[in-house]
Amino acid sequence: MYNHEQIEKKWQKYWEENETFKVGIDKNKKRFYMLVEFPYPSGVGLHVGHGRVYTASDVQARFKKARGYNVLFPMGWDAFGAPAEQYAIKNHIHPSEAVKENIEVFKGQMKSLGLSIDWSREFSTTDPEYYKLTQKQFLEFYKAGLAYKAEKEINWCPNCKMGLSNEDAQGGVCERCGTETTKKLKNQWVLKMSKYADKLIDGLDDTDFLDKVKTAQINWIGKSIGASVNFPIQDTEDCLEVFTTRCDTLFGVTFMVISPEHPYIEKYKDRINNLEEIRKYQEQAAHKSEIERTDNTKEKTGVVLQGLKAINPVNNQEIPIWVSDYVLSTYGTGAIMAVPAHDDRDYEFAKKFNIPMIQVLEEETGQKKENETKKNSIVAVLYDDQSNQYLTINWHENGGRLLIGGTIKEKETPLECAIREIKEETGYTNFELVKEGFKINHHYYAYNKNQYFNIECTTFLFKLNSMDQQAQQLDNDEKFDIEWVSKDVIEREIKDELHQKAFQYVTSSNAMIGDGIHIHSDFINGLNKEDAIHKMLHFLEKNQIGKQQVNYRLQDWIFSRQRFWGEPIPMIHCDDCGWVPVPDEELPVVLPNVQAYEPTDTGESPLANITDWVNVLCPKCGKQAKRETDTMPNWAGSSWYWLRYMDPHNENEIASKEALDYFGKVDLYDGGMEHATRHLLYARFWNIFLHEQGFVPNSEPFLRRISHGMILGPNGDKMSKSKGNVVNPNDMIKAYGADALRTYEMFIGDYSKDAAWNESGLRGCHKFLNRVWNLQNKLNDNLGYTKKLETIIHKTIKKVTEDIDRLDYNTAVSALMILLNEYEKEKSITKEDYRIIIQLLNPFAPHITEEINEICSLGDLLCNTPWPVYDSNKVIEETYEMVVQVNGKVRGKVEVERDTSKEDMEKLALDIENVKNHIEGKEISKVIVVPKKLVNIVVK
RNA sequence: ACCAGCCUGGCGGAAUGGUAGACGCGAUGGACUCAAAAUCCAUUGGUAGUAAUAUCGUGAGGGUUCAAGUCCCUUGGCUGGUACCA
């Protein structure tokens, strides 16, 4: 058994003393930038989940180094944030003290994992030298007109006197103290990120992010192309402006909805007759989070605005205005036109409040033909709630199973027709109407009349009250059975498109959101959705009612936080000059060293209480002025840190031009899926801006983005302190060594997926390394590879190389285990054999492999040795196992030469005893031969 | 509710449309030992059979194909993210 403690210390010391992983600009070498999201150094320390991520990055870094790249693999600390501030409030120490301690713990843990990090590039976002540059970059945003002050709502806890994130205010309750939160308007700094929405979408083309990451970003930005339409408010000069992606449904608008925060409520409060009711509703909405308001499982709420009406500009219809919290003030104009027939949310709202619907789009079924005869018809569904069955008509071979259908006669309403048809065809007499579904536009051909028809079909659902039945009144040619069947049978057996669709409409409670042709829509009647949108847009613009508009979900970035432990925003407010940037030479604006960090009653940052810090002279006019006391969000420091690693000790700029040009962009960026939208978008936005200002050479900062899975506790739950299932890497390293821990964390499963911790698995990897160690006893003096092992060695080199490239770490380790198994079957192995396995294993288990290499004098230090290459001629086996199938089932296997011909393969296959048994007495209809693989004999 | 992803033995997980379960853990039996640990050897998806072999089997139901864990449709469950986005 090897002594891991001693070996690991030895090699970690060696790497540190020899600066093995220190990297500089070397223009003769290709560079590779491996970045992993830097951690927030909490008091808890690393857990094995971090270990997985850092190990994987380290494997990649060591591998790329061996392949000849100049590898930049840095680490730093994202150390601003609330936990350190809370700690400071409690203990009356400066947060930087807590941060310093935590960093030491984290760094110690990382070092004991044996990571090949260039520690000379380490920094923390809380270093004044670093945040000086963060402040400088903020001022660049300000100078470019991209930073502005605006009134924005925050979640506010009246007890903690603190602004809260949505996350901390979940369920309208402060996470810290349980007090009900309110909303508070604050004047805040905002970055104009929305201006970059299109650039953030287009820039994705220059990246190699995982598809799901790209999708997440595109959905977050939420670009939609539509129209803004103005609905005049009756007896006022004002219009209610709405954004819609479906201006083709304007003729189906039956009401308007505005958000509870809409300014018109204030503006027209004197004309609103039920203001008290509205106020009450606003109050309720204020306590709900956007997530609650946007939860579609909850019932819709709302109040109609009495005293104000809107006018539909396309037909001058007067329509009511409702107030409801399903409309958000933060998206679009905070007001919508509601088309209940063609929008699910409006549909649900209209149903709850009994607001009428107008269907303006009919789905088309069947094939459209020339010379169609027009007809009106019905399809009716009769439901029996006693048996939970529906009535069908079974025509057997003359048309299969259908619902009740028929043509509307002259002077008959569709409803009258439906009732008549049910009575005539089925004889049932006692039933009542439940609902009328959407109309369908159907095309079909009637064989008996040799004619094409186009029908407008109205759909109905009736409920049976009793089984009373008269004799049916049928024509002579009507031969069918009436049958009660379940929903299941209907969905399976009714093949007719019209009847299928009709059944769907009357039994589901959704709006009709698909495409079709327009009805009841004046000048767009008969057009499909796309054409109707075009024509409507044209109409809106011509009549100055509205215009085409692009809308984004992406909002501007609120950049203010009312906290102490963040980068001070370097602005000074002067009563005469307004907002004035802190002059360059006075940066950084450093956080003062004080005794108390409690927040203020007014919701301002604790900095506001430190008067000798706040009061300054205006840089412009020299009069008394005040510093901005808000600080930057946590996301600020992480929005450019990868640039700093390129030249971390540069005092004046982000990094030197030389370093920026050489290291360029991050090649591989590893982080969690939870950062796929916010952090990654902020970082890209920041970088695109810096590029436009000429500070950095690339517009996109990251080439490839991958996401890793979590390590779950042994019980499959997320690891957390409160669940008591956190596994500390220190304990594992002590018991089994860093190499075993690293190997296990790579072997545990697919790197992109979550995996549950299992210490037995770790023991297995420890055993594996020990067996590799014990190969020392098998060395012989022969040269070269052992002949018998040659193929498997080359195959393993290929497999491990490709797997690391693909991030398939688990199968790479497994390939090495297989190689070891083969070695162990041999009586003895050569030094070359031994050297190759430890070389391939080195990125995973760097300490023990280096030690074996030294003890057995196998060659140069592994950390300085190029990655092995395989000989593609030696990867292929001489023979292979040919599989023989009969009708796709394996019936035999036979070992054959590599280059056996198709004919011979077939012959050999037919010669197998078991295969003969399975084809005996049957006719061979086909033989499929896949060279170097299998033969499949198809028999009848 | 929406978006994304996932679902394979007792467990973690392998499988360019071509032998399902590589590799590891665990379990069972055996060797070594006074004994245990460690180590080594053998077996290990279910069912039937001494065996050869047969049969079932990748959440469920359909489909495409000579051949489906893999592709298509429908559906259930789990996880993550979120925004009723008009």
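Residue numbering restarts at 1 for every chain, and letters A, B, ... go by the order of the sequence lines. Computed from heavy atoms alone, side chains included, the values below leave out hydrogens, waters and symmetry copies.
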Give the nucleotide from the list [options] with an atom nearest to the side chain of [X].
| X | options | answer |
| --- | --- | --- |
| A:F747 | B:C23, B:U19, B:U82 | B:C23 |
| A:K767 | B:G5, B:A67, B:C40 | B:C40 |
| A:N219 | B:A83, B:G24, B:A86 | B:A83 |
| A:I818 | B:C66, B:U16, B:C23 | B:C23 |
| A:S760 | B:C40, B:C56, B:C25 | B:C25 |
| A:W220 | B:U55, B:U82, B:C85 | B:U82 |

message = By the rule that syn is within 90° of 0, classify the base conformation of B:G9 as syn or anti.
response = syn
What is the nucleic acid contact for [X], judged by heavy atoms within less than 4.0 Å: base, sugar-phosphate only, or nothing?
| X | result |
| --- | --- |
| A:K212 | sugar-phosphate |
| A:L934 | base |
| A:N821 | sugar-phosphate |
| A:N914 | sugar-phosphate |
| A:V242 | nothing |
| A:V883 | base |
| A:G764 | sugar-phosphate |
| A:D750 | sugar-phosphate |
| A:D754 | sugar-phosphate |
| A:H918 | sugar-phosphate |

task = Can you sort out which residues in residues 807-817 of chain A have a heavy atom within less than 4.0 Å of RNA chain B? Ascending by number, please.
result = A:N810, A:T811, A:S814, A:M817
query = Is A:Q885 side chain donor-acceptor paired with the B:U19 base, going by distance under 3.5 Å alone?
reply = no
inquiry  = Counting distance alone, no hydrogens or angles: does the base of B:U79 have a donor or acceptor under 3.5 Å from a partner atom on the side chain of A:K753?
reply    = no
key: Geometric cation-pi criterion, A:K300 with A:F349: 6.0 Å, 45°   = no
A:K214 and A:D211: CA distance, side-chain angles, deciding distance, salt bridge (Lys or Arg N to Asp or Glu O under 4.0 Å) verdict = CA-CA 5 Å; A:K214 285 189 183 183; A:D211 278 343; 5.2 Å; no
